[in-house]
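Please read the structure below before turning to the comments.
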Amino acid sequence: MASAFPWFLIVLLARVWYLDVQLVTAQPFVADGTVIELNDSNFESAISTFDHILVDFYAPWCGHCKKLSPVLDEAAPILARLNQPIVIAKLDADKYRKLASRHEIDGFPTLKLFVHGVPIEYKGPRKAELLVQFLKKYVAPDVSVLESASAVHSFVDEAGKHFPIFIGFGLDESLLSEYGKRYKKKSWFAVAKDFSEKIMVEYDFEKSPALVAIHPNYNEQNVFYGPFEGHFIDDFVRQNQLPLVVPINYETLKLLNNDDRKIVLTIVNDEMDGKSLELFKILRSAATANHDLVFGFIGVKQWEDFANSFDVNGNTKLPMILVWDGNDEYQLVEGSESLNSLEDQESQISLFLKGYREGRTIKKEVSGPSFLGFINSLFGIKTACLIVFAVAFVIVMHKLAKRGDDVLHRRQTQTEAEDLNRQDYLPGDKEE
């Protein structure tokens, strides 16, 4: 027994030492608002520690990764302070290639949000403020329950301006639960249980129950009083994903691609011109009465290439109004192709809509690419550029290789001729 004691002591000390080393090397993760640096030894531990963790798979040499890094540094402390915090981490996917390959990383930077260990590729905006607003939706309930007027105000403030907000005043939560799940990444949903007359005035509804749609970014809101059954709620929520009159840009084109309605498109010279702003107010009134259509506008000054796709040139009388199918075709209404700013534009728009519904139209094709198809195609601009670059690179390398073969052939021929003329020619002297 005496001789066995030292061995027992040695084993015990070894185990204590091992546990001590483990405690030293396994640093606990803390959601303190800093971006955590991951590697192949702590990656799985980080994913299992946090319910929500956004991982930036980057490469040190990647320019886009360098541009994204300060954005994540700015967003990290804000996301860490949420009631359900979201932690931001990063992994050098170029160094830890096996780990990156296991998570199907094929480009840099790639952002993946791990929700309880399950990865979701993040494809939202990459500016700090918008990234925060987008990610907050992942940790918010599908439908928030608001018990007081202050809770309503807090909810609207927290929701921010990037997404439409739907609040059911006096509605049961179950009526909106389906839409809260379906539009999780696109809209905020809540029901207000207790609210005052002051709230009714503030959110401009006259009775309850009422479903109020708010577009903070456009300072717009619409009210739906029912019926709260069948497809009626569905239509209201779907149609209010966009403001009444949509400014056409890259972001709104993506949203329009998910909407099957035709687009009444008004083309002006400058969106910011006073007369244009007055025209947009008239278009909002028309949109209120024509929910089966989307109303949009574009300024030639803001996006000339897009406007030119509808055959707009220096001789076109602006404002011009048409109906676009969101793809390759648009229609002009006979006698209502343009809006005269010196006459009653409200009446002109009414005549335009009447002519469209009566079928007095001229069909035309969009000149150039389909913008929605272009933006949402599998081959985006970056991919197309990479393909063009790769093809060009192969062609250049092929030409250089061919030129190199020709030069080598000429050198060999010249060398052989010189060697034949040499008096001291030896076979071993020939260049290979």
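Owing to the predicted nature of the structure, the values given are computational and were not obtained by experimental measurement.
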Crowding at [atom1], [X] (>12 non-hydrogen neighbours, <6.0 Å):
X: Glu129; atom1: CD; answer: no
X: Asn219; atom1: CG; answer: no
X: Asn83; atom1: CG; answer: no
X: Glu337; atom1: CD; answer: yes
X: Glu202; atom1: CD; answer: yes

Step by step, work out the side chain to side chain donor-acceptor pair (under 3.5 Å) result for Asn249 and Thr252. CA-CA 5 Å; Asn249 52 49; Thr252 55; 3.1 Å; yes
What I want to find out is whether Lys275 reaches Glu278 closely enough, with some N-O distance under 4.0 Å, to be called a salt bridge.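 A salt bridge is absent here (no side-chain N lies under 4.0 Å from a carboxylate O).
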List in chain and number order the residues that pass side-chain hydrogen bond (donor to acceptor under 3.5 Å, both in side chains) with [X], two or more places apart in sequence or in another chain; answer none if no residue qualifies.
X: Glu329; answer: none
X: Asn269; answer: none
X: Glu358; answer: Arg360
X: Asn217; answer: none

Using side-chain heavy atoms (C-beta onward) and a distance below 4.5 Å, is [X] in contact with [Y]?
X: Tyr203; Y: Val223; value: no
X: Val191; Y: Leu175; value: no
X: Val55; Y: Leu38; value: yes
X: Asn222; Y: His291; value: no
X: Pro319; Y: Leu279; value: yes
X: Ile267; Y: Val300; value: yes
X: Leu111; Y: Glu121; value: no
X: Tyr179; Y: Asp234; value: yes

With sequence neighbours left out, which residue pairs that include part of [range] fulfil the salt bridge (charged side-chain N to carboxylate O under 4.0 Å, His left out) condition?
range: residues 185-198; value: none
range: residues 258-268; value: Arg238-Asp260, Asp259-Arg261
range: residues 218-229; value: Glu220-Arg284
range: residues 83-98; value: Glu37-Lys90, Asp94-Arg97

Sequence neighbours left out, what passes side-chain contact (heavy atoms from CB on, under 4.5 Å) with [X]? Give chain and number order.
X: Asp73; result: Val35, Ser69
X: Asp106; result: none
X: Leu130; result: Pro125, His162

With no hydrogens and no angle check, is any side-chain donor or acceptor of [X] less than 3.5 Å from a backbone partner on [Y]?
X: Glu74; Y: Ala128; value: no
X: Ser154; Y: Ala151; value: no
X: Lys301; Y: Met272; value: no
X: Gln302; Y: Glu271; value: yes
X: Trp324; Y: Leu265; value: no
X: Ser367; Y: Ser309; value: yes
X: Lys184; Y: Lys137; value: yes
X: Ser45; Y: Asn42; value: no

Check the angle between the aromatic planes of [X] and [Y] and answer parallel, tilted or perpendicular using the 30° and 60° thresholds.
X: Tyr250; Y: Trp303; result: tilted
X: Tyr183; Y: Phe189; result: tilted
X: Phe43; Y: His103; result: tilted

Audit row: Phe280, Phe295, ring-ring contact (aromatic ring centres under 6.0 Å, His included) steps and yes/no: CA-CA 9 Å; Phe280 301 155; Phe295 284 72; over 10 Å; no
Check whether the ring centres of Tyr225 and Phe205 lie less than 6.0 Å apart, and answer yes or no.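 Between Tyr225 and Phe205, the centre distance exceeds or equals 6.0 Å.
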Are Tyr58 and Phe108, when compared by the centres of their aromatic rings, separated by less than 6.0 Å?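 That pair fails the under 6.0 Å test.
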What's the separation between atom [atom1] in [X] and atom [atom2] in [Y], rounded to the nearest 0.5 Å?
X: Leu72; Y: Thr34; atom1: CG; atom2: OG1; answer: 12.5 Å
X: Asp56; Y: Arg126; atom1: CG; atom2: CZ; answer: 8.0 Å
X: Ser347; Y: Leu339; atom1: OG; atom2: CG; answer: 11.5 Å
X: Phe57; Y: Glu104; atom1: CZ; atom2: CD; answer: 10.5 Å
X: Phe352; Y: Thr361; atom1: CZ; atom2: OG1; answer: 9.5 Å

[X] versus [Y], closest heavy-atom pair with distance:
X: Gly326; Y: Ile263; value: CA-CD1, 4.0 Å
X: Tyr122; Y: Gly124; value: OH-C, 3.3 Å
X: Trp188; Y: Ala159; value: NE1-O, 3.2 Å
X: Ser276; Y: Asp270; value: OG-O, 2.8 Å
X: Leu146; Y: Phe155; value: CD2-CB, 3.8 Å
X: Gly33; Y: Ala76; value: O-CB, 3.3 Å

Walk me through it: do Phe224 and Phe232 pass the test ring-ring contact (aromatic ring centres under 6.0 Å, His included)? CA-CA 9 Å; Phe224 178 65; Phe232 298 105; 7.3 Å; no
Which side-chain hydrogen bond (donor to acceptor under 3.5 Å, both in side chains) pairs, counting each pair once, include a residue from residues 206-216, with sequence neighbours left out?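 Output for this query is empty, none listed.
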